[in-house]
Protein chains: 2
Amino acid sequence: MSDAATLVRAIDAAGHRVTEPRRRVADLIAGRDGHFTAADLVEDARGRRLGLGRATIFRALDLFAELGVVERVDLPTGDHAYVGCEPIRHHHHVICTVCGRSTDVEDCGMREVVDEVARRTGYRVDAHRLELFGTCPECRG
Amino acid sequence: MSDAATLVRAIDAAGHRVTEPRRRVADLIAGRDGHFTAADLVEDARGRRLGLGRATIFRALDLFAELGVVERVDLPTGDHAYVGCEPIRHHHHVICTVCGRSTDVEDCGMREVVDEVARRTGYRVDAHRLELFGTCPECRG
DNA sequence: TTTACTGCAAACATTTTGCAGATGT
DNA sequence: ACATCTGCAAAATGTTTGCAGTAAA
């Protein structure tokens, strides 16, 4: 759940050009609630007649992902989606399967799990990906 | 790391038809070391002139995944891949980023992590996906 | 013999790329 | 001014589907 200003600021801070199309993609992302796919943004853009090309949207998403202000997640369906998030170092997402909203979760004991897996399998574990799915407080009523 | 017989047995046990094309896909999977994509199998099949259609391979993979004898994983690159695995209830995979092999890991303390996330966010956590990446003992040797 | 399964080709979906022109800085 | 960025359309990928024919049970 990033606001447009944060997204734009990240572009600027990284030395990339703050262009009108990128601002517009930032607006689209900020206007989204929960996870979204590239196709969602393409559709939004067409609906609002923003004149954004498909490629531009994909490129902007890549950029935002690279800057860590959005993150790519894989839904249980196998679809690739994105969620806006704070550019904090390492964190995971809990995604509501009802409304699609996501919440960032920082360190939550994964350290021990990783150590345990390494100990048990003999692997050196360099990275992990954890995605959690469930129902958020609002959707449970 | 499933052998062909296990895969075929799973088809039979679930009441599906044990067909020649499915046997062949099972052989291809058994002959694989580490994770593989649908495209890998399509290429293998063509190389060995097995006369398997693309669609058949996709359908067989779906079936095997449904039976739990292979599992779909999302690589850090975003590619969809599959790994053979024992049809045990809930487990995760540690994937070697050097050779691609994977090892199943059963319960490794995720229970506590899930509880912690639920406590902190207020979500009811129903499912999670954990994939670990690193280097296996052989590849470090 | 019945119905599930297969191969093919075409449809569909998703993401990438080449390039001429527009535009931030 | 000049390199970066954009839009377009085409290409490259990845996956699904309809259907007539084939084969497992």
Side-chain angles (χ1 to χ4, degrees), chain A residues 4 7-29 35-67 70-82, chain B residues 4 7-29 35-67 70-82:
Chain A
L7 296 168
V8 172
R9 205 176 310 123
I11 292 174
D12 200 21
H16 294 280
R17 291 189 176 168
V18 176
T19 65
E20 196 48 38
R22 284 174 176 168
R23 282 181 199 282
R24 290 182 178 168
V25 174
D27 284 342
L28 292 180
I29 293 173
H35 57 68
F36 54 89
T37 62
D40 288 334
L41 297 192
V42 171
E43 194 179 342
D44 285 358
R46 291 186 73 217
R48 300 201 205 166
R49 311 204 192 303
L50 297 182
L52 289 171
R54 229 190 315 281
T56 301
I57 291 175
F58 275 94
R59 288 189 277 231
L61 278 172
D62 274 359
L63 179 58
F64 287 131
E66 188 185 313
L67 300 178
V70 307
E71 197 164 305
R72 195 168 173 170
V73 297
D74 296 290
L75 303 183
T77 61
D79 285 344
H80 290 151
Y82 297 84
Chain B
L7 296 168
V8 172
R9 205 176 311 121
I11 292 174
D12 200 21
H16 294 280
R17 290 189 179 171
V18 177
T19 66
E20 196 48 39
R22 284 174 175 166
R23 282 182 200 282
R24 290 183 176 165
V25 174
D27 284 341
L28 292 180
I29 294 173
H35 57 67
F36 54 88
T37 61
D40 288 333
L41 297 192
V42 170
E43 195 179 340
D44 285 357
R46 292 186 74 217
R48 300 202 206 165
R49 311 206 191 304
L50 297 181
L52 290 171
R54 227 191 316 281
T56 302
I57 291 175
F58 275 94
R59 288 189 277 232
L61 278 171
D62 274 359
L63 178 57
F64 287 130
E66 189 184 312
L67 301 178
V70 307
E71 197 163 304
R72 196 168 171 170
V73 297
D74 295 290
L75 303 183
T77 61
D79 285 344
H80 290 152
Y82 296 84

Checklist entry - So how far is it from I57(A) CD1 to L28(A) CG, rounded to the nearest 0.5 Å? => result 6.5 Å
Checklist entry - Donor-acceptor pair, D40(B) side chain versus T37(B) backbone, under 3.5 Å? => result yes
Item to check | Spacing of Y82(B) atom OH and L61(B) atom CG [to the nearest 0.5 Å] | outcome: 5.0 Å
Checklist entry - Within a radius of less than 6.0 Å around CD of E20(B), do more than 12 heavy atoms belonging to other residues, nucleotides or ligands occur? => result yes
Item to check | Heavy atoms from other residues, nucleotides or ligands near CZ of R54(B) exceed 12 (cutoff 6.0 Å) | outcome: no
Item to check | Backbone N/O of H80(A) and side chain of R72(A): donor-acceptor pair under 3.5 Å | outcome: no
Item to check | Letter per nucleotide, 5' to 3', of nucleotides 14-25 of chain D [B base touched, S only sugar-phosphate touched, - untouched; heavy atoms, 4.0 Å] | outcome: -BBBB----BBS
Next on the checklist: For a 4.5 angstrom cut-off between non-hydrogen side-chain atoms, does L7(B) reach V70(B)?
Outcome noted: yes
Next on the checklist: In whole Å, I'd like the distance from the CZ atom of F64(B) to the C1' atom of dC5(C).
Outcome noted: 13 Å
Item to check | Main-chain N/O of L50(B) paired with R24(B) side-chain donor or acceptor, under 3.5 Å | outcome: yes
Item to check | Rounded distance (Å) that lies between atom P of dC5(C) and atom CZ of R23(B) | outcome: 14 Å
Checklist entry - Quick one: I11(B) CD1 to dT6(C) C1', roughly how many Å, whole number? => result 14 Å
Checklist entry - Just how large is the angle between the end axes of the helix from dT1(C)-dA25(D) to dT25(C)-dA1(D), five pairs per end, to 10 degrees? => result 40°
Next on the checklist: Nearest whole Å is fine: how far is dA13(C) C1' from E43(A) CD?
Outcome noted: 14 Å
Next on the checklist: Expressed as a whole number of angstroms, how long is the span from L63(A):CG to dT4(D):P?
Outcome noted: 14 Å
Item to check | Between P of dC5(D) and CD1 of I57(A), the distance in whole Å | outcome: 17 Å
